[in-house]
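Below, read A as the first sequence line, B as the second, and so on, with proteins coming before strands; counting in each chain starts at 1.
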There are 2 protein chains.
Amino acid sequence: MSHTLGVRQAQKRRTRQALLDAALQLLAEQSLSSLGLREVTRAVGVAPTAFYRHFRDMADLGVALVEEALGSLHTALTALLSATGERAGEDDGEERIAATVELIAAYVRTHPAHVRFIAREQHGGVQAVRAAIGGQLALFAQEVKEQFAREPEAAGWAEDDLLMLAGMYVDHMVMTASALLEAEGDPEAAERVASTARRQLRLVGLGRRHWLDEH
Amino acid sequence: MSHTLGVRQAQKRRTRQALLDAALQLLAEQSLSSLGLREVTRAVGVAPTAFYRHFRDMADLGVALVEEALGSLHTALTALLSATGERAGEDDGEERIAATVELIAAYVRTHPAHVRFIAREQHGGVQAVRAAIGGQLALFAQEVKEQFAREPEAAGWAEDDLLMLAGMYVDHMVMTASALLEAEGDPEAAERVASTARRQLRLVGLGRRHWLDEH
DNA sequence: CCATGCAGTTAACAACTGTTCTCCGAGTTT
DNA sequence: AAACTCGGAGAACAGTTGTTAACTGCATGG
């Protein structure tokens, strides 16, 4: 049951969200370390000082944006893992690959600003935000690893190697999402990126299948 | 023969380089889109207006930095390609892999600021700089592809697939370099990153060797 | 040796920044 | 119904920013 929180608290949450939304939009064409507090409040239509009622500074707002962005991606990722996990071993992975890339593409289409923000600030100029993104992505990798461990193909694999594999998938997902973003508005370019992503996943899958071969 | 360029032109080049160096240093803790022109000239000890004698704006300086950074990396990369290309097929690739990762690590140790700049601005907030980095990396991928095409393992491969493979290697190189940078000062963490990078290269190499297998 | 070119300086500008302190007024609690 | 809480407004602050114009002095080419 969701508490019907009072008029006051609801209004506070609403302007807080407005600040986040405005910041995300403004970050389409600059990076967090150059985004000013006044710039954000002006876009929302609120006094500069109101900012402090919600965030200590822009780095703080940045961390909140990370949670918002990667929270929604986490939902999508969990759905993907359970959906493709069910048909593990059913085919050579070709359908799983297509489904994975399509899910990434769909996410980029519905959350372009979030994707851009994560890609941009993953190595960006604000320490706290970098740390937040890195932590969340490491968590994702951990979940992917645990899903892999549940599948029969993982028999005989070392924990370390499973995590390495999961990390490759997560990194690849972020890179593909970013590349798809750059191809926005150009369906041909987007399909080219998707095709490359699928072939890369195929290559990694091949390596995975032969990982335990003798040499 | 290097023209001993006049006193005047030499001095101009010197302050230009000083501006680039100062900017690169300041970019260790912020991103390009938040770096101010006055900040850079102040660090060099020169009047703000002197900046315009060398660059139109900060984006222009950024593009110059891309050329400086990726120029030096291009030298290192070419050395690696010819060095490992010679012993293609001699072993199972294990030595090539170790040599590749060691070269990346050495480059990160000698050019940390350049690596950080490229990683940060690859998806950063300045369009022109992103384009410059993307272009240079695509060029790298092209060169790697051509090296691969020269090796016997490439027989039967489609051009597209070779470029896809080369792209994976280039992307992986940038990610590894960036990860090594974050592990700076912690030899244990650095070795962990290097180990992961080697295993990832091994995995991709396995996929490569089985790419043309029937299914 | 003199006139020209040009890297760098000085001064000034309007615009903008983050942050403080003070105040208001409406939702909440008692 | 009175007292209190607290999100937001307003004004002011000392600094900062990019860009302009007009200058100075020295290396250069005729």
Is Arg109(B) salt-bridged to Glu102(B), cutoff N-O under 4.0 Å?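 Looking at Arg109(B) and Glu102(B), the cut-off is met.
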Would you call Lys145(B) and Glu159(B) a salt bridge, using N to O less than 4.0 angstrom? yes
Nearest whole angstrom, please: distance from the [atom2] of [N] to the [atom1] of [X].
X        : N       : atom1 : atom2 : answer
Phe51(A) : dG10(D) : CZ    : C1'   : 19 Å
Gln30(B) : dT17(C) : CD    : C1'   : 15 Å
Leu37(A) : dA9(D)  : CG    : P     : 13 Å
Arg13(B) : dA27(D) : CZ    : P     : 18 Å
Phe55(A) : dG8(D)  : CZ    : P     : 11 Å
Glu39(A) : dG18(C) : CD    : P     : 8 Å
Lys12(B) : dA27(D) : NZ    : P     : 16 Å
Gln11(B) : dT28(D) : CD    : C1'   : 15 Å

Within the 3.5 Å criterion, strictly below it, is a donor on Gln30(A) or Glu39(A) matched to an acceptor on the partner's side chain? yes
What closest approach, in Å, do Arg120(A) and Ala28(A) show between heavy atoms, and which atom pair accounts for it?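 For Arg120(A) versus Ala28(A), the nearest heavy atoms are NH1-O, 3.2 Å.
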On a heavy-atom basis, the closest approach of Ser178(A) and Val115(A) is N-CG1, 4.3 Å
Tested for side-chain contact (heavy atoms from CB on, under 4.5 Å) against Val40(A), the lone hit among Asp21(A), Leu24(A), Leu19(A) is Leu19(A)
Taking only N and O in the side chain of Arg42(B), is any of them less than 4.0 Å away from OP1 or OP2 of dT17(D)?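 For dT17(D), OP1 or OP2 has a side-chain N or O of Arg42(B) closer than 4.0 Å.
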* Phosphate OP1/OP2 of dG8(C) contacted by Thr15(B) side-chain N/O (<4.0 Å) ->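 Thr15(B) to dG8(C) OP1/OP2: side-chain N or O found under 4.0 Å.
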> Base, sugar-phosphate, or nothing: which does Arg14(A) touch, judged by heavy atoms less than 4.0 Å apart?
Replying inline: nothing
Name the residue closer to the 5' end of DNA chain D, choosing between Leu35(B) and Gln9(B) according to the nucleotide with the nearest heavy atom.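 Going by which nucleotide is closer to the 5' end, it is Leu35(B).
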Ranking Met58(B) and Arg53(B) by the position along DNA chain D of their nearest nucleotide, the one closer to 5' is Met58(B)
Consider the side chain of [X], meaning its heavy atoms from C-beta on, and name the nucleotide among [options] that approaches it most closely.
X        : options                  : result
Arg8(B)  : dG8(C), dA12(C), dC26(D) : dC26(D)
Tyr52(A) : dG5(C), dG27(C), dG18(C) : dG18(C)
Ala50(B) : dG18(D), dA7(C), dG8(C)  : dG8(C)

Base-pair string, DNA chain C, Watson-Crick plus G-U, cut-off 3.5 Å on both distances, | for inter-strand, is ||||||||||||||||||||||||||||||
Nearest 0.5 Å, please: how far is CG in Leu162(A) from CD in Glu151(A)?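 Output value for this atom pair is 10.0 Å.
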Judged by nearest nucleotide, the residue sitting upstream toward the 5' end of DNA chain C, Val46(B) or Val7(A), is Val46(B)
- Item | Side-chain-base donor-acceptor pair under 3.5 Å for Thr49(B) and dT10(C) | yes
Counting only N and O atoms by type, is there a donor-acceptor contact under 3.5 Å from the side chain of Ser195(A) to the main-chain atoms of Glu191(A)?
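Not a single qualifying donor-acceptor pair exists.
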